[in-house]
Novice: 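This structure is in structure tokens; I'll ask about it shortly.
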2 protein chains.
Amino acid sequence: MAWNTERTRELLLAAATEEFSAKGLAGARVDRIAAAAGVNKERIYQYFGKKDELFDAVLAAEMVRVMTEVPITGSGPVAFGEYAGRLFDRHTTDGVLPRLLFWEGLERGGDTVSRATRSDHCAIKVGQVLEVLPGIDRTDAADLLITVITLCDGWPVLPQIDTLLAGSSADRTTRRRAFIVRTATLLAEALAADAKPAPEAALN
Amino acid sequence: MAWNTERTRELLLAAATEEFSAKGLAGARVDRIAAAAGVNKERIYQYFGKKDELFDAVLAAEMVRVMTEVPITGSGPVAFGEYAGRLFDRHTTDGVLPRLLFWEGLERGGDTVSRATRSDHCAIKVGQVLEVLPGIDRTDAADLLITVITLCDGWPVLPQIDTLLAGSSADRTTRRRAFIVRTATLLAEALAADAKPAPEAALN
DNA sequence: CGCAATTCCAACCAGGTAGTTGCAATTGCA
DNA sequence: TGCAATTGCAACTACCTGGTTGGAATTGCG
């Protein structure tokens with residue numbers, strides 16, 4: 001054996017992540033990925049098979065990364081709202097995952113190769129939601145999570161929509177973040193209230 | 001003069017709407033559009049200039065159509081929630097506009113040719129929100145609208161995300177609709193409460 | 001150093017792309 | 001029926017694409 005094969009793989013994966021995020025599955029150019037990685041083109045086919053499978057590898061890696069970097073911790077509706085805020089921050093400073101997800105949704109129409117794996121990843125997150133907001137329906141937890149993910153992921157991908165807001169770009173982002181946090185908190189409160197119907201009059 | 005030029009235009013626009021919605025700007029094929037319209041290829045260049053401008057025409061037409069088909073009417077938070085429901089229905093039975101919007105966001109990165117026009121369209125909707133929920137901030141109205149649009153538009157484009165939900169496809173859609181309506185109503189109530197701080201104890 | 005695995009290089013293939021052009025056929029008003 | 005505008009047809013240009021191939025160069029273990 002010789003050479004550092006693992007490094008080659010990582011270089012390709014990093015370059016592919018950038019390219020797919022920017023141009024999508026159809027728009028991405030294999031030659032460009034190879035060039036950006038400083039690696040020869042055939043390595044891609046050797047390590048990942050074809051373009052499609054490289055995309056799968058990129059998306060899976062990025063999902064795991066974000067999931068571990070932005071955990072759902074703490075307890076109560078406010079803690080859940082803070083999770084929404086952290087996810088929003090993460091996606092506005094690095095919109096790679098949102099873009100990859102929407103590219104996939106548009107270009108592959110939901111026929112994800114790794115649908116089962118995806119489902120497993122998501123189930124973990126639902127579990128975290130249930131820990132933060134104990135007592136609520138598993139279904140409600142899933143719906144809540146979908147809502148927050150859709151809002152946080154949609155923002156960096158739909159820049160046209162901010163024409164509704166005035167002010168500088170930074171202002172608009174700050175305001176949007178606050179609104180999403182408030183929405184997440186409000187929803188979490190409502191679902192938590194559903195969970196324990198009237199445990200005597202709450203103090204405040 | 002001769003020939004029905006207007007009909008030719010409409011045939012092309014309809015075919016282009018279908019093609020762009022399905023494949024996006026880069027993925028759409030000019031030849032396919034022409035063939036589907038039963039019209040010769042050069043007509044596209046004659047009537048719309050280039051591919052990009054055809055996409056602009058398609059998107060503008062589709063926005064106007066949905067805006068007029070799904071107005072914001074009535075009064076109060078519940079009425080606003082019903083608007084969210086109608087928008088959700090419209091987008092789940094015909095996901096063309098959501099797809100076009102996300103394609104544009106991804107492929108053009110927000111450099112919309114018709115950004116000014118877009119802004120005007122949106123302003124009308126914000127005005128409708130203000131009529132339904134009088135007294136609330138214009139900024140809040142915009143944020144509320146962005147939230148509902150993001151949720152309703154995101155659903156048909158992010159089919160992977162429904163792996164979080166169990167049940168049949170129809171069940172999942174129904175449940176999602178209910179949750180979005182509830183979210184919209186809840187937010188509208190909260191913002192309306194901000195608007196008129198404690199107008200004596202409300203009779204339920 | 002020897003040697004096998006890994007990589008680079010450069011050319012190649014078959015297919016598809018947006019956009020153009022010249023010409024003949026069709027249309028419908030006057 | 002005449003005639004000008006509109007359209008269909010089919011070929012063409014210039015270029016780009018994913019994916020493959022053969023041979024030479026590089027690497028690092030033993």
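Throughout, protein chains are lettered first and strands after them, A, B, ... in sequence-line order, and every chain is numbered starting at 1. Remember, predicted model here, so these are calculated numbers, not experimental data.
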Novice: Under 4.0 Å, heavy atom to any atom of DNA chain D: which of residues 25-37 of chain A qualify?
Specialist: A/Ala28, A/Arg29, A/Val30, A/Asp31

Novice: Look at the rings of B/Phe20 and B/Phe55 and say which category their plane angle falls in: under 30° parallel, 30 to 60° tilted, over 60° perpendicular.
Specialist: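 B/Phe20 vs B/Phe55 ring planes: perpendicular.
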
Novice: Among all residues two or more places apart in sequence or in another chain, which pass the salt bridge (Lys or Arg N to Asp or Glu O under 4.0 Å) test with A/Glu69?
Specialist: A/Arg90

Novice: Looking at residues at least two apart in the chain, or sitting in another chain, which of them share a salt bridge (Lys or Arg N to Asp or Glu O under 4.0 Å) with A/Asp137?
Specialist: none

Novice: Any side-chain N or O of B/Tyr45 less than 4.0 Å from the OP1 or OP2 oxygen of D/dT7?
Specialist: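 For B/Tyr45, the contact criterion (side-chain N or O under 4.0 Å from OP1 or OP2 of D/dT7) is not met.
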
Novice: Output every pair passing side chain to side chain donor-acceptor pair (under 3.5 Å) with a member in residues 16-29 of chain A, not counting sequence neighbours, ordered by first then second residue.
Specialist: A/Glu19-A/Arg32

Novice: According to a strict under-4.0 Å criterion, is B/Thr8 in side-chain N/O contact with OP1 or OP2 of D/dT7?
Specialist: yes

Novice: If the condition is salt bridge (Lys or Arg N to Asp or Glu O under 4.0 Å), which residues does B/Asp171 pass it with, not counting sequence neighbours?
Specialist: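 Expected list: none.
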
Novice: Once salt bridge (Lys or Arg N to Asp or Glu O under 4.0 Å) is applied, do any residues pair with B/Arg176, and if so which ones, sequence neighbours excluded?
Specialist: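 Salt bridge (Lys or Arg N to Asp or Glu O under 4.0 Å) list for B/Arg176, sorted by chain: A/Asp143.
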
Novice: Restricting to side-chain hydrogen bond (donor to acceptor under 3.5 Å, both in side chains), what partner residues turn up for B/Lys50, sequence neighbours left out?
Specialist: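 Per chain and number, B/Lys50 pairs via side-chain hydrogen bond (donor to acceptor under 3.5 Å, both in side chains) with no residue.
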
Novice: Holding to side chain to side chain contact (heavy atoms under 4.5 Å, CB included), I want the full list of residues that pass it with B/Glu82, two or more places apart in sequence or in another chain.
Specialist: B/Val78

Novice: Give me, pair by pair, the N or O atoms of the protein and of nucleotides 10-13 of chain C that are less than 3.5 Å apart, along with how far apart they are.
Specialist:
none

Novice: Contact class for A/Gly49 vs. all strands (heavy atom < 4.0 Å): base, sugar-phosphate, or nothing?
Specialist: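 Contact class for A/Gly49: none.
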
Novice: Nearest to the B/Arg43 side chain among C/dT6, D/dT7, D/dG19, which nucleotide is it?
Specialist: D/dT7

Novice: Based on the rotation axes of five pairs at each end, what angle does the helix from C/dC1-D/dG30 to C/dA30-D/dT1 bend through, to 10°?
Specialist: 20°

Novice: What nucleotide among D/dG19, D/dG8, C/dG19 has an atom nearest to a side-chain atom of A/Lys50?
Specialist: D/dG19

Novice: Please state whether the phosphate of C/dT6, meaning OP1 or OP2, lies under 4.0 angstrom from any side-chain nitrogen or oxygen of A/Gln46.
Specialist: no

Novice: Who pairs with B/Arg175 by side-chain hydrogen bond (donor to acceptor under 3.5 Å, both in side chains), at least two apart in sequence or on another chain?
Specialist: none

Novice: Mind checking side-chain hydrogen bond (donor to acceptor under 3.5 Å, both in side chains) for A/Glu53 and listing every partner two or more places apart, or none if nothing turns up?
Specialist: none

